[in-house]
Amino acid sequence: MKIATWNINGVKARIDAATTWLRSASPDIACLQEIKCMDEAFPISAFEDLGYNVAVHGQKGFNGVALLSKMPLDDVTPGLAGDPEDVQARYIEGVISIPSGVLRVVNIYLPNGNGAPEKFVYKLAWMSRLRERVKELLTYEEPFVIAGDYNVIPAPEDVYNPAAWMDDALFRPETRAHFQALLNLGLTDAFRACHDEPHQFTFWDYQAGAWQKNHGLRIDHLLLSPQAADRLVGCEIDADPRSWEKPSDHVPIVVELSL
């Protein structure tokens, strides 16, 4: 089974790229972030025509996440628990039946955290809430994947110039410590479990020729529960869509599990 994650940076603007890539790569499950539209404005039919069931948690003009699955989606939960006043559409969770039981897929668009100080506070609080949800999910003792745009650079080898990013919310020590706390619960970074080479990126800014210079970041991740990690076959970044016309600034990353 192949599970993909991709920050599409506006599903209406990238619908051609999204459907072209999905038609070619044909993941069984795809997690899209930053769809930037309300649920009713999401182009569901374009993905249903490719054989996907669709679940959406959208927001007008900002954020938004969508789950696409070639298998039926059960128990879909939008929104991350822990703060009833948080209305940002950054989390959706679904359950999929597999021969050995169930696979749970969580799709996240973690806050960036730059800008006003309260944005970084919100980012860290959101990560703490995510950690509490992961602790709960681990008690189920089932395979699950937490996929998405984490807005976290885990280590110096995941950024083209670490010194230039030391004060950025994506790379600050507090952010990296929260990410490591997730791993310390027993989760596996699927890409790093398969690759140890540095400078493998999932994001290149639109500015300053970042793509052409390979000034990238690895901020999109697939974290696996122990039961999913036991079934890990491979994990790859597909950078090709970054060179397409009107690209997202992120590219897909795909994990394969033997389910």
Side-chain angles (χ1 to χ4, degrees), residues 1-8 18 21-34 47 50-53 55 65-71 73 91-110 130 133-134 137-138 140-155 157-158 179-180 182-183 185-198 200-203 216-242 248 250-259:
M1 177 179 287
K2 292 184 178 180
I3 303 166
T5 181
W6 191 4
N7 179 322
I8 201 68
W21 185 82
L22 288 168
R23 192 176 293 110
S24 174
S26 194
D28 300 284
I29 301 165
C31 301
L32 303 181
Q33 303 90 39
E34 211 173 351
F47 299 105
L50 297 177
Y52 289 100
N53 299 286
V65 285
L67 273 176
L68 315 177
S69 173
K70 291 185 176 179
M71 293 74 66
L73 286 162
Y91 183 101
I92 191 168
E93 178 182 318
V95 176
I96 294 151
S97 294
I98 58 174
S100 59
V102 298
L103 169 69
R104 190 176 299 266
V105 179
V106 177
N107 179 13
I108 70 169
Y109 176 41
L110 204 147
L130 178 62
R133 179 56 179 157
V134 169
L137 292 177
L138 286 167
Y140 300 166
E141 298 186 353
E142 64 188 19
F144 66 79
V145 178
I146 304 179
D149 176 1
Y150 281 69
N151 272 313
V152 175
I153 304 167
E157 56 265 30
D158 297 313
F179 186 82
Q180 185 60 49
L182 291 174
L183 300 180
L185 292 175
L187 301 188
T188 295
D189 179 341
F191 185 79
R192 276 291 168 233
C194 299
H195 299 271
D196 59 7
E197 61 270 30
Q200 303 298 301
F201 305 135
T202 64
F203 169 90
L217 318 171
R218 189 175 76 93
I219 57 176
D220 303 88
H221 309 295
L222 295 140
L223 301 189
L224 311 179
S225 70
Q227 293 79 8
D230 286 345
R231 305 176 188 195
L232 176 60
V233 175
C235 186
E236 301 295 336
I237 296 168
D238 186 352
D240 285 349
R242 187 61 179 82
S248 170
H250 297 250
V251 297
I253 175 171
V254 184
V255 65
E256 183 175 358
L257 304 177
S258 59
L259 297 176

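Just so you know, residue 1 is the first one in the sequence shown, and it goes up from there. Heavy-atom basis, side chains included; hydrogens, waters and symmetry copies ignored.
Judged by distance alone, the side chain of D28 and the main-chain N or O of K70 form no donor-acceptor pair under 3.5 Å. Judged by distance alone, with hydrogens and angles left aside, the side-chain atoms of S100 form no donor-acceptor pair with the main-chain N or O of L259 at under 3.5 Å. A side-chain donor-acceptor contact under 3.5 Å links T202 to the backbone of I219. With hydrogens and angles ignored, the 3.5 Å screen pairs no side-chain donor or acceptor of D149 with any backbone N or O of Y109. The backbone N or O of F191 sits nowhere less than 3.5 Å from a side-chain atom of H221 that would complete a donor-acceptor pair. Remark: side-chain polar atoms of D158 are not paired, donor with acceptor, to backbone N or O of I153 under 3.5 angstrom. A donor-acceptor contact shorter than 3.5 Å links the side chain of R192 to the backbone of H195.
Y91 is not listed as a side-chain neighbour of I146, based on a closest heavy-atom distance of 4.5 Å or more.
Shown here for W6 and P252, the closest heavy-atom pair between the two residues is CD2-CG, 3.5 Å. The two residues M71 and I96 come nearest to each other via the heavy atoms CB-CG2, 3.6 Å. Summarising the geometry of L32 relative to N107, their closest heavy-atom pair is O-ND2, 3.1 Å, with the distance given to 0.1 Å. Nearest heavy-atom pair across L232 and A193 is CD2-CB, 3.7 Å. When every heavy atom of I98 is checked against every heavy atom of P143, the shortest pair comes out as CD1-CG, 4.4 Å. Here the closest heavy-atom approach between residue L138 and residue L187 is recorded as CD2-CD2, 4.3 Å.
Rounding to the nearest 0.5 Å places CG of L50 at 9.0 Å from CG of L68. Note that CD1 of I8 and CH2 of W21 are 9.0 Å apart. Values are rounded to the nearest 0.5 Å. Between the CD atom in Q180 and the CG atom in L183 there is a gap of 5.0 Å [rounded to 0.5 Å]. Rounding to the nearest 0.5 Å gives a distance of 9.5 Å between OG of S248 and CD of Q33. Rounding to the nearest 0.5 angstrom, the gap separating the CG atom in L222 from the CD atom in E256 is 12.5 Å. Here the CG-CD1 distance, from N7 to I253, works out to 13.0 Å after rounding to the nearest 0.5 Å.
Here the rule is side chain to side chain contact (heavy atoms under 4.5 Å, CB included) with L223, and of D189, V145, V255 only D189 fits it.
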